[in-house]
Amino acid sequence: EPAGPPSGGLRFPDGFQWGAATSAYQIEGAAAEDGRGPSVWDTFSHQAGKVLGGDTGDVAADHYHRVYEDLDLMKGLGLKSYRFSISWSRVLPQGRGPLNAKGLDFYHRLVDGLLARDIAPMATLFHWDTPQALQDKGGWEQRDCAQWFADYAQQMFYSLGDKVHTWLTLNEPKTVVAMGYGVGVHAPGKKNRRLGDVAGHHLLLGHGLAVRAFRGTNKAGRIGAALNLSPVYPADNSAGAAKQVVAVDEEENRRWLDPVLLSRYPAAWLSANAALHPTIHDGDLDVIGSRSDLLAVQYYNPVNVTAGGGRVARHPTTQATWLEVYPEGLHDLLTRIKRDYGDIPLTITENGMPSTADVQDDDRIAFLRDHLAAAHKAIQAGVKLEGYHVWSLLDNFEWAEGYSQRWGLIRVDEQTHDRRRKASADWYQGVIARNGLP
Ligand code: GBH
(Lines give C-alpha, C1' and ligand atoms only; values in the text may rest on other atoms or scores of the structure.)
Protein backbone atom coordinates (compact mmCIF):
# COMPACT_ATOMS: atom_id res chain seq x y z
CA GLU A 1 0.00 0.00 0.00
CA PRO A 2 1.93 3.12 -1.15
CA ALA A 3 1.98 5.84 1.50
CA GLY A 4 2.48 8.61 -1.02
CA PRO A 5 0.05 11.33 -2.03
CA PRO A 6 -2.79 10.74 -4.44
CA SER A 7 -1.62 10.73 -8.04
CA GLY A 8 -1.28 14.20 -9.46
CA GLY A 9 0.16 15.54 -6.17
CA LEU A 10 3.65 16.98 -6.06
CA ARG A 11 5.73 14.85 -3.74
CA PHE A 12 8.82 16.36 -2.09
CA PRO A 13 12.03 14.45 -1.34
CA ASP A 14 12.07 12.24 1.75
CA GLY A 15 13.26 14.17 4.78
CA PHE A 16 12.29 17.54 3.30
CA GLN A 17 12.54 20.11 6.10
CA TRP A 18 9.09 21.64 6.34
CA GLY A 19 9.34 24.67 8.57
CA ALA A 20 8.22 28.07 9.67
CA ALA A 21 10.24 31.13 10.62
CA THR A 22 10.15 34.02 13.10
CA SER A 23 12.57 36.56 14.52
CA ALA A 24 13.23 37.64 18.07
CA TYR A 25 12.19 41.30 18.07
CA GLN A 26 9.12 40.53 16.01
CA ILE A 27 7.63 37.98 18.42
CA GLU A 28 9.29 37.80 21.82
CA GLY A 29 8.21 40.94 23.67
CA ALA A 30 9.57 40.97 27.26
CA ALA A 31 11.76 43.79 26.06
CA ALA A 32 12.99 44.79 29.50
CA GLU A 33 12.71 41.47 31.34
CA ASP A 34 15.33 39.20 32.86
CA GLY A 35 18.15 41.61 32.13
CA ARG A 36 17.65 42.09 28.39
CA GLY A 37 19.43 45.18 27.09
CA PRO A 38 17.88 47.40 24.42
CA SER A 39 18.59 46.96 20.73
CA VAL A 40 18.44 49.52 17.96
CA TRP A 41 14.87 48.41 17.28
CA ASP A 42 13.75 49.28 20.83
CA THR A 43 15.25 52.73 20.37
CA PHE A 44 13.85 53.19 16.89
CA SER A 45 10.31 51.95 17.55
CA HIS A 46 10.03 54.25 20.55
CA GLN A 47 10.83 57.32 18.45
CA ALA A 48 7.72 59.17 17.31
CA GLY A 49 6.74 58.63 13.69
CA LYS A 50 9.02 55.70 12.93
CA VAL A 51 6.51 52.83 13.13
CA LEU A 52 2.93 52.90 11.88
CA GLY A 53 0.48 53.54 14.70
CA GLY A 54 3.34 54.03 17.17
CA ASP A 55 3.59 50.25 17.57
CA THR A 56 6.61 48.72 19.30
CA GLY A 57 7.94 45.24 20.01
CA ASP A 58 7.62 45.72 23.78
CA VAL A 59 5.09 42.88 23.97
CA ALA A 60 5.01 41.75 20.32
CA ALA A 61 3.38 38.28 20.18
CA ASP A 62 4.32 37.71 23.85
CA HIS A 63 6.24 34.63 22.73
CA TYR A 64 8.72 34.97 25.61
CA HIS A 65 5.91 34.09 28.02
CA ARG A 66 4.00 31.73 25.73
CA VAL A 67 6.85 29.65 24.45
CA TYR A 68 5.31 26.30 25.47
CA GLU A 69 1.98 27.15 23.87
CA ASP A 70 3.84 28.10 20.70
CA LEU A 71 5.89 24.91 20.77
CA ASP A 72 2.66 22.93 20.94
CA LEU A 73 1.27 24.88 17.99
CA MET A 74 4.41 24.00 16.04
CA LYS A 75 4.00 20.36 16.95
CA GLY A 76 0.36 20.54 15.87
CA LEU A 77 1.46 21.75 12.44
CA GLY A 78 3.91 18.87 12.20
CA LEU A 79 6.88 21.16 11.63
CA LYS A 80 10.20 19.42 11.01
CA SER A 81 12.22 22.62 11.39
CA TYR A 82 11.74 25.92 13.21
CA ARG A 83 13.77 28.98 12.36
CA PHE A 84 14.05 31.60 15.11
CA SER A 85 16.56 34.30 15.93
CA ILE A 86 18.49 34.98 19.09
CA SER A 87 18.20 38.46 20.53
CA TRP A 88 21.85 39.50 20.87
CA SER A 89 21.03 42.02 23.61
CA ARG A 90 19.00 39.45 25.56
CA VAL A 91 22.01 37.18 25.93
CA LEU A 92 24.60 40.00 26.00
CA PRO A 93 22.84 43.13 27.31
CA GLN A 94 25.86 45.30 26.43
CA GLY A 95 26.54 43.41 23.21
CA ARG A 96 29.77 41.98 24.63
CA GLY A 97 31.11 40.76 27.93
CA PRO A 98 29.54 38.25 30.29
CA LEU A 99 26.47 36.28 29.29
CA ASN A 100 23.10 37.08 30.81
CA ALA A 101 22.18 33.65 32.15
CA LYS A 102 18.45 34.39 32.42
CA GLY A 103 18.32 35.54 28.82
CA LEU A 104 20.22 32.50 27.63
CA ASP A 105 17.88 30.25 29.64
CA PHE A 106 15.01 31.32 27.41
CA TYR A 107 16.78 29.90 24.36
CA HIS A 108 17.56 26.70 26.26
CA ARG A 109 13.84 26.36 27.06
CA LEU A 110 12.94 26.97 23.43
CA VAL A 111 15.54 24.61 21.98
CA ASP A 112 14.87 21.86 24.52
CA GLY A 113 11.16 22.18 23.73
CA LEU A 114 11.84 21.86 20.01
CA LEU A 115 14.05 18.80 20.45
CA ALA A 116 11.46 17.18 22.73
CA ARG A 117 8.96 17.59 19.89
CA ASP A 118 11.31 16.34 17.15
CA ILE A 119 11.55 19.77 15.55
CA ALA A 120 15.02 20.77 14.35
CA PRO A 121 16.11 24.17 15.67
CA MET A 122 17.58 26.61 13.13
CA ALA A 123 19.04 29.65 14.88
CA THR A 124 19.70 33.00 13.23
CA LEU A 125 22.29 35.05 15.10
CA PHE A 126 21.41 38.48 13.74
CA HIS A 127 17.95 39.49 12.59
CA TRP A 128 18.54 43.29 12.62
CA ASP A 129 18.50 43.89 16.40
CA THR A 130 21.99 45.27 17.00
CA PRO A 131 22.52 45.91 20.73
CA GLN A 132 22.04 49.62 21.38
CA ALA A 133 25.23 49.63 23.47
CA LEU A 134 27.17 48.68 20.33
CA GLN A 135 25.25 51.12 18.13
CA ASP A 136 26.41 53.78 20.59
CA LYS A 137 29.95 52.83 19.53
CA GLY A 138 29.04 53.07 15.84
CA GLY A 139 27.45 49.66 15.31
CA TRP A 140 28.03 48.08 11.90
CA GLU A 141 29.49 51.32 10.59
CA GLN A 142 32.52 50.34 12.70
CA ARG A 143 34.81 47.57 11.53
CA ASP A 144 35.06 46.39 15.15
CA CYS A 145 31.42 45.35 15.03
CA ALA A 146 32.32 42.37 12.83
CA GLN A 147 34.51 41.02 15.62
CA TRP A 148 31.95 41.84 18.32
CA PHE A 149 29.45 39.82 16.32
CA ALA A 150 31.83 36.89 15.89
CA ASP A 151 32.59 36.89 19.63
CA TYR A 152 28.86 36.79 20.41
CA ALA A 153 28.38 34.06 17.81
CA GLN A 154 31.16 32.02 19.39
CA GLN A 155 29.50 32.33 22.80
CA MET A 156 26.27 31.01 21.27
CA PHE A 157 28.06 28.10 19.56
CA TYR A 158 29.58 27.07 22.91
CA SER A 159 26.32 27.63 24.81
CA LEU A 160 23.80 26.05 22.42
CA GLY A 161 25.93 24.21 19.88
CA ASP A 162 25.33 20.76 21.35
CA LYS A 163 21.62 21.20 20.65
CA VAL A 164 21.45 23.53 17.62
CA HIS A 165 22.94 22.07 14.47
CA THR A 166 21.90 24.64 11.89
CA TRP A 167 23.16 28.20 12.30
CA LEU A 168 22.47 31.24 10.19
CA THR A 169 24.74 34.24 10.65
CA LEU A 170 22.97 37.27 9.16
CA ASN A 171 19.40 37.82 8.07
CA GLU A 172 19.20 39.92 4.91
CA PRO A 173 22.18 42.26 5.10
CA LYS A 174 20.81 43.87 1.93
CA THR A 175 17.73 45.05 3.83
CA VAL A 176 19.84 46.53 6.64
CA VAL A 177 21.80 48.51 4.06
CA ALA A 178 18.76 49.65 2.07
CA MET A 179 16.21 50.21 4.82
CA GLY A 180 18.37 50.86 7.89
CA TYR A 181 20.77 53.20 6.09
CA GLY A 182 19.49 54.06 2.60
CA VAL A 183 15.90 55.13 3.10
CA GLY A 184 16.24 55.02 6.89
CA VAL A 185 12.80 53.55 7.59
CA HIS A 186 14.34 50.73 9.64
CA ALA A 187 16.71 50.99 12.61
CA PRO A 188 19.19 52.58 13.00
CA GLY A 189 17.33 55.01 10.78
CA LYS A 190 20.18 56.70 8.96
CA LYS A 191 19.61 58.16 5.54
CA ASN A 192 23.10 57.67 4.20
CA ARG A 193 23.61 55.08 1.50
CA ARG A 194 27.39 55.48 1.59
CA LEU A 195 27.46 54.66 5.31
CA GLY A 196 25.15 51.75 4.55
CA ASP A 197 27.62 50.31 2.07
CA VAL A 198 30.33 50.49 4.74
CA ALA A 199 27.98 48.73 7.18
CA GLY A 200 27.19 46.19 4.47
CA HIS A 201 30.85 45.24 4.12
CA HIS A 202 31.25 44.97 7.88
CA LEU A 203 28.15 42.78 8.07
CA LEU A 204 29.67 40.42 5.53
CA LEU A 205 32.96 40.46 7.42
CA GLY A 206 31.03 39.57 10.58
CA HIS A 207 29.46 36.67 8.71
CA GLY A 208 32.86 35.34 7.66
CA LEU A 209 34.39 35.75 11.12
CA ALA A 210 31.42 33.94 12.64
CA VAL A 211 31.81 31.06 10.18
CA ARG A 212 35.48 30.82 11.18
CA ALA A 213 34.55 30.96 14.88
CA PHE A 214 32.10 28.11 14.30
CA ARG A 215 34.81 25.95 12.69
CA GLY A 216 37.06 26.74 15.64
CA THR A 217 34.58 25.31 18.14
CA ASN A 218 34.56 21.90 16.40
CA LYS A 219 30.84 21.66 17.12
CA ALA A 220 28.83 19.41 14.81
CA GLY A 221 26.48 21.23 12.50
CA ARG A 222 26.19 23.60 9.59
CA ILE A 223 26.38 27.33 9.10
CA GLY A 224 25.55 29.82 6.38
CA ALA A 225 23.97 33.21 5.67
CA ALA A 226 20.31 34.06 4.97
CA LEU A 227 20.09 36.29 1.90
CA ASN A 228 17.00 37.86 0.38
CA LEU A 229 17.34 37.55 -3.35
CA SER A 230 15.27 38.74 -6.28
CA PRO A 231 15.45 37.45 -9.83
CA VAL A 232 15.76 40.44 -12.15
CA TYR A 233 13.84 40.68 -15.41
CA PRO A 234 13.73 43.27 -18.20
CA ALA A 235 10.47 45.21 -18.26
CA ASP A 236 10.53 45.18 -22.06
CA ASN A 237 12.57 43.85 -24.98
CA SER A 238 14.87 46.85 -25.33
CA ALA A 239 18.66 46.54 -25.28
CA GLY A 240 18.68 49.20 -22.58
CA ALA A 241 16.53 47.11 -20.27
CA ALA A 242 18.74 44.07 -20.85
CA LYS A 243 21.76 46.14 -19.86
CA GLN A 244 20.06 47.37 -16.70
CA VAL A 245 19.25 43.78 -15.73
CA VAL A 246 22.95 43.03 -15.42
CA ALA A 247 23.62 46.05 -13.20
CA VAL A 248 20.56 45.58 -11.00
CA ASP A 249 21.28 41.86 -10.62
CA GLU A 250 24.74 42.79 -9.33
CA GLU A 251 23.19 45.10 -6.75
CA GLU A 252 20.35 42.80 -5.69
CA ASN A 253 22.02 39.42 -5.82
CA ARG A 254 25.65 39.11 -6.83
CA ARG A 255 26.83 41.77 -4.42
CA TRP A 256 25.89 39.33 -1.62
CA LEU A 257 26.24 35.92 -3.26
CA ASP A 258 29.65 36.47 -4.84
CA PRO A 259 31.51 37.47 -1.66
CA VAL A 260 29.88 34.75 0.48
CA LEU A 261 30.22 31.92 -2.03
CA LEU A 262 33.10 33.00 -4.30
CA SER A 263 35.22 35.35 -2.13
CA ARG A 264 34.87 38.30 -4.48
CA TYR A 265 32.70 41.31 -5.19
CA PRO A 266 31.37 41.58 -8.76
CA ALA A 267 34.01 43.52 -10.71
CA ALA A 268 31.66 46.08 -12.27
CA TRP A 269 29.90 46.69 -8.95
CA LEU A 270 33.26 47.16 -7.23
CA SER A 271 34.50 49.72 -9.75
CA ALA A 272 31.19 51.58 -9.58
CA ASN A 273 31.62 51.80 -5.78
CA ALA A 274 35.13 53.21 -5.48
CA ALA A 275 34.23 55.08 -2.28
CA LEU A 276 34.00 51.73 -0.55
CA HIS A 277 37.51 50.58 -1.44
CA PRO A 278 39.24 51.90 1.72
CA THR A 279 36.71 49.92 3.79
CA ILE A 280 37.71 46.65 2.12
CA HIS A 281 40.99 45.46 3.61
CA ASP A 282 43.35 42.86 2.18
CA GLY A 283 42.16 39.41 3.14
CA ASP A 284 38.58 40.45 3.93
CA LEU A 285 37.11 38.57 1.01
CA ASP A 286 38.90 35.37 2.03
CA VAL A 287 37.27 35.69 5.44
CA ILE A 288 33.84 36.52 3.99
CA GLY A 289 34.03 33.58 1.61
CA SER A 290 34.99 31.10 4.33
CA ARG A 291 33.26 27.90 3.32
CA SER A 292 29.55 27.91 4.09
CA ASP A 293 27.71 24.61 4.55
CA LEU A 294 24.44 25.88 3.19
CA LEU A 295 22.80 28.93 1.68
CA ALA A 296 19.52 30.15 3.17
CA VAL A 297 17.37 31.75 0.49
CA GLN A 298 14.57 34.23 1.18
CA TYR A 299 12.30 34.92 -1.74
CA TYR A 300 9.47 37.39 -1.89
CA ASN A 301 9.45 39.33 -5.14
CA PRO A 302 11.00 39.69 -8.57
CA VAL A 303 12.45 42.97 -9.83
CA ASN A 304 11.53 44.25 -13.30
CA VAL A 305 13.76 46.99 -14.69
CA THR A 306 13.28 49.48 -17.49
CA ALA A 307 15.93 50.86 -19.83
CA GLY A 308 16.08 53.96 -17.66
CA GLY A 309 16.88 51.84 -14.60
CA GLY A 310 13.41 52.32 -13.12
CA ARG A 311 11.41 49.52 -11.56
CA VAL A 312 7.92 48.51 -12.50
CA ALA A 313 5.49 45.92 -11.19
CA ARG A 314 4.20 43.43 -13.75
CA HIS A 315 2.19 41.16 -11.48
CA PRO A 316 -0.40 41.63 -8.73
CA THR A 317 0.85 42.85 -5.38
CA THR A 318 -0.38 42.27 -1.81
CA GLN A 319 -1.14 44.42 1.22
CA ALA A 320 2.65 44.84 1.25
CA THR A 321 2.78 46.88 -1.95
CA TRP A 322 6.42 45.88 -2.60
CA LEU A 323 5.41 42.21 -2.69
CA GLU A 324 4.72 41.55 -6.32
CA VAL A 325 3.49 37.96 -6.52
CA TYR A 326 5.45 35.91 -9.04
CA PRO A 327 5.92 32.28 -7.96
CA GLU A 328 7.87 31.39 -11.10
CA GLY A 329 10.56 33.77 -9.81
CA LEU A 330 11.36 31.26 -7.07
CA HIS A 331 12.07 28.58 -9.66
CA ASP A 332 14.20 30.98 -11.69
CA LEU A 333 16.12 32.06 -8.60
CA LEU A 334 16.87 28.53 -7.38
CA THR A 335 17.95 27.22 -10.78
CA ARG A 336 20.10 30.29 -11.30
CA ILE A 337 21.90 29.75 -7.98
CA LYS A 338 22.67 26.17 -9.03
CA ARG A 339 23.90 27.31 -12.43
CA ASP A 340 26.15 30.10 -11.17
CA TYR A 341 27.22 28.88 -7.72
CA GLY A 342 27.03 25.10 -7.93
CA ASP A 343 25.41 22.60 -5.64
CA ILE A 344 25.69 24.16 -2.21
CA PRO A 345 22.73 22.85 -0.18
CA LEU A 346 19.85 25.34 -0.23
CA THR A 347 17.01 25.90 2.14
CA ILE A 348 14.26 28.48 1.81
CA THR A 349 14.17 30.34 5.11
CA GLU A 350 11.45 32.86 4.24
CA ASN A 351 8.54 33.01 1.81
CA GLY A 352 5.02 34.18 2.53
CA MET A 353 2.59 37.06 2.31
CA PRO A 354 0.45 39.28 4.54
CA SER A 355 -3.26 38.55 4.48
CA THR A 356 -5.97 40.86 5.76
CA ALA A 357 -8.15 37.81 6.46
CA ASP A 358 -8.80 37.06 10.08
CA VAL A 359 -8.38 33.29 9.89
CA GLN A 360 -9.88 32.34 6.50
CA ASP A 361 -6.69 33.23 4.59
CA ASP A 362 -7.34 31.52 1.26
CA ASP A 363 -5.07 34.07 -0.43
CA ARG A 364 -2.14 32.81 1.64
CA ILE A 365 -2.95 29.20 0.83
CA ALA A 366 -2.87 29.98 -2.90
CA PHE A 367 0.37 31.92 -2.49
CA LEU A 368 2.12 29.13 -0.59
CA ARG A 369 0.78 26.45 -2.95
CA ASP A 370 2.06 28.26 -6.05
CA HIS A 371 5.48 28.95 -4.54
CA LEU A 372 5.83 25.35 -3.38
CA ALA A 373 4.93 24.17 -6.87
CA ALA A 374 7.70 26.42 -8.24
CA ALA A 375 10.15 25.06 -5.65
CA HIS A 376 9.16 21.53 -6.61
CA LYS A 377 9.84 22.29 -10.25
CA ALA A 378 13.32 23.51 -9.29
CA ILE A 379 13.94 20.27 -7.37
CA GLN A 380 12.89 18.33 -10.48
CA ALA A 381 15.48 20.37 -12.38
CA GLY A 382 18.17 19.10 -10.00
CA VAL A 383 18.33 21.88 -7.39
CA LYS A 384 19.46 20.61 -3.97
CA LEU A 385 16.66 22.21 -1.98
CA GLU A 386 16.45 20.75 1.51
CA GLY A 387 13.67 22.71 3.13
CA TYR A 388 11.10 25.46 3.10
CA HIS A 389 10.13 27.81 5.94
CA VAL A 390 6.96 29.86 5.79
CA TRP A 391 7.29 33.46 6.90
CA SER A 392 5.79 33.46 9.41
CA LEU A 393 4.63 31.10 12.15
CA LEU A 394 2.80 33.88 14.02
CA ASP A 395 1.30 37.26 13.28
CA ASN A 396 3.99 39.61 14.55
CA PHE A 397 5.60 43.05 14.62
CA GLU A 398 6.17 43.79 10.94
CA TRP A 399 8.90 46.41 11.47
CA ALA A 400 7.89 49.86 10.17
CA GLU A 401 4.40 48.53 9.44
CA GLY A 402 3.85 47.55 13.08
CA TYR A 403 0.93 45.17 13.61
CA SER A 404 -0.93 46.40 10.50
CA GLN A 405 0.30 43.48 8.40
CA ARG A 406 -0.34 39.91 9.51
CA TRP A 407 2.02 37.32 8.06
CA GLY A 408 1.28 34.36 10.34
CA LEU A 409 -0.10 30.88 9.85
CA ILE A 410 -1.39 31.50 13.37
CA ARG A 411 -3.55 34.52 14.22
CA VAL A 412 -2.32 36.47 17.24
CA ASP A 413 -4.83 38.89 18.71
CA GLU A 414 -3.16 42.28 19.12
CA GLN A 415 -4.82 42.91 22.49
CA THR A 416 -5.13 39.54 24.21
CA HIS A 417 -2.34 37.75 22.30
CA ASP A 418 -4.60 34.71 22.09
CA ARG A 419 -3.57 32.33 19.30
CA ARG A 420 -5.89 30.84 16.68
CA ARG A 421 -4.93 28.65 13.75
CA LYS A 422 -5.77 30.11 10.35
CA ALA A 423 -6.99 28.09 7.36
CA SER A 424 -3.43 28.19 6.03
CA ALA A 425 -2.24 26.37 9.16
CA ASP A 426 -4.67 23.52 8.48
CA TRP A 427 -3.61 23.46 4.86
CA TYR A 428 0.13 23.51 5.64
CA GLN A 429 -0.29 20.73 8.20
CA GLY A 430 -1.79 18.62 5.41
CA VAL A 431 1.09 19.42 3.07
CA ILE A 432 3.59 18.36 5.71
CA ALA A 433 1.65 15.19 6.53
CA ARG A 434 1.64 14.02 2.91
CA ASN A 435 5.11 15.48 2.18
CA GLY A 436 3.72 17.31 -0.80
CA LEU A 437 0.96 19.25 -2.42
CA PRO A 438 -2.51 17.78 -2.85
C1 GBH B 1 11.82 39.90 5.49
O2 GBH B 1 12.19 41.06 4.82
C3 GBH B 1 12.32 39.94 6.90
O4 GBH B 1 13.43 39.06 7.07
C5 GBH B 1 11.26 39.66 7.92
O6 GBH B 1 11.73 40.04 9.18
C7 GBH B 1 9.99 40.35 7.53
O8 GBH B 1 9.02 40.30 8.53
C9 GBH B 1 9.48 39.71 6.28
O10 GBH B 1 10.47 39.67 5.29
C11 GBH B 1 8.23 40.35 5.71
O12 GBH B 1 8.46 41.64 5.29
O13 GBH B 1 9.32 49.37 0.78
O14 GBH B 1 9.66 49.36 -1.61
O15 GBH B 1 11.46 49.99 -0.16
C16 GBH B 1 11.65 41.20 3.52
C17 GBH B 1 12.56 41.96 2.59
C18 GBH B 1 13.27 44.03 1.77
C19 GBH B 1 10.95 43.58 1.88
C20 GBH B 1 12.98 45.47 1.61
C21 GBH B 1 10.64 45.05 1.72
C22 GBH B 1 11.44 47.13 0.92
C23 GBH B 1 10.76 47.49 -0.33
N24 GBH B 1 12.21 43.36 2.51
N25 GBH B 1 11.71 45.70 0.98
S26 GBH B 1 10.29 49.17 -0.34
Side-chain angles (χ1 to χ4, degrees), residues 19-28 39-41 44-45 50-52 55 57 60-61 63 83-87 122-130 168-187 189 191 193 196 200 203 225-232 248 251-253 255-256 296-305 310-313 317-326 329-330 333 347-355 364 367-368 371 389-410 412:
T22 62
S23 89
Y25 190 69
Q26 293 180 273
I27 65 165
E28 285 180 1
S39 79
V40 293
W41 266 98
F44 188 76
S45 68
K50 299 298 188 192
V51 176
L52 202 66
D55 292 344
H63 171 71
R83 172 181 180 240
F84 62 96
S85 83
I86 297 171
S87 161
M122 177 186 281
T124 305
L125 290 159
F126 177 71
H127 200 122
W128 306 351
D129 45 359
T130 312
L168 302 176
T169 54
L170 310 174
N171 180 73
E172 301 192 349
K174 181 171 72 177
T175 305
V176 177
V177 171
M179 309 292 277
Y181 288 89
V183 276
V185 300
H186 282 187
K191 293 183 173 44
R193 183 79 209 198
L203 280 155
L227 302 179
N228 57 317
L229 304 168
S230 285
V232 184
V248 173
E251 186 64 44
E252 291 284 334
N253 303 310
R255 175 196 175 169
W256 307 103
V297 176
Q298 317 205 147
Y299 173 68
Y300 288 98
N301 59 288
V303 168
N304 314 300
V305 291
R311 298 179 177 205
V312 291
T317 59
T318 69
Q319 186 194 11
T321 51
W322 54 267
L323 207 182
E324 181 183 344
V325 181
Y326 186 57
L330 179 58
L333 175 62
T347 186
I348 295 167
T349 41
E350 288 186 27
N351 177 240
M353 67 170 281
S355 173
R364 177 175 287 112
F367 181 101
L368 297 177
H371 285 81
H389 299 74
V390 175
W391 184 270
S392 182
L393 177 70
L394 304 169
D395 290 343
N396 61 51
F397 176 79
E398 175 55 19
W399 307 116
E401 309 300 332
Y403 300 99
S404 70
Q405 291 181 6
R406 303 197 300 261
W407 293 72
L409 297 167
I410 311 269
V412 178

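Along the sequence shown, residues carry numbers from 1. Atoms within each ligand, like the ligands themselves, are counted from 1 in listed order.
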**Prompt:** Checking side-chain hydrogen bond (donor to acceptor under 3.5 Å, both in side chains) for the pair N228/T175: CA distance, chi angles, key distance, verdict?
**Reply:** CA-CA 8 Å; N228 57 317; T175 305; 3.2 Å; yes
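The ring pair (Phe, Tyr, Trp, His ring centres under 6.0 Å) test applied to Y300 returns W322, W407, not counting sequence neighbours. Under the salt bridge (Lys or Arg N to Asp or Glu O under 4.0 Å) criterion, R193 pairs with D197, E251, sequence neighbours left out.
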Would you give me the side-chain donor-acceptor pairs under 3.5 Å for residues 180-187, sequence neighbours excluded?
| residue | atom | partner | partner atom | Å |
| --- | --- | --- | --- | --- |
| Y181 | OH | E141 | OE2 | 2.7 |

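The aromatic rings of W399 and W128 lie tilted to each other, with the angle between the two planes from 30° to 60°.
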I'd like a table of the close N/O pairs between ligand 1 and the protein (anything under 3.5 Å), one pair per line with both atom names and the distance.
| residue | atom | partner | partner atom | Å |
| --- | --- | --- | --- | --- |
| ligand 1 | 2 (O) | E172 | OE1 | 2.9 |
| ligand 1 | 2 (O) | E172 | OE2 | 3.4 |
| ligand 1 | 4 (O) | H127 | NE2 | 3.3 |
| ligand 1 | 4 (O) | N171 | ND2 | 3.0 |
| ligand 1 | 4 (O) | E350 | OE1 | 3.0 |
| ligand 1 | 4 (O) | E350 | OE2 | 2.9 |
| ligand 1 | 6 (O) | Q26 | OE1 | 2.8 |
| ligand 1 | 6 (O) | H127 | NE2 | 2.8 |
| ligand 1 | 6 (O) | W399 | NE1 | 2.8 |
| ligand 1 | 8 (O) | Q26 | NE2 | 2.9 |
| ligand 1 | 8 (O) | W391 | NE1 | 3.1 |
| ligand 1 | 8 (O) | E398 | OE1 | 2.6 |
| ligand 1 | 10 (O) | Y300 | OH | 3.1 |
| ligand 1 | 10 (O) | E350 | OE1 | 3.2 |
| ligand 1 | 12 (O) | E398 | OE2 | 2.6 |

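The pair R311-E324 fails the salt-bridge criterion, with no side-chain N (NZ, NE, NH1 or NH2) lying under 4.0 Å from an Asp/Glu carboxylate O.
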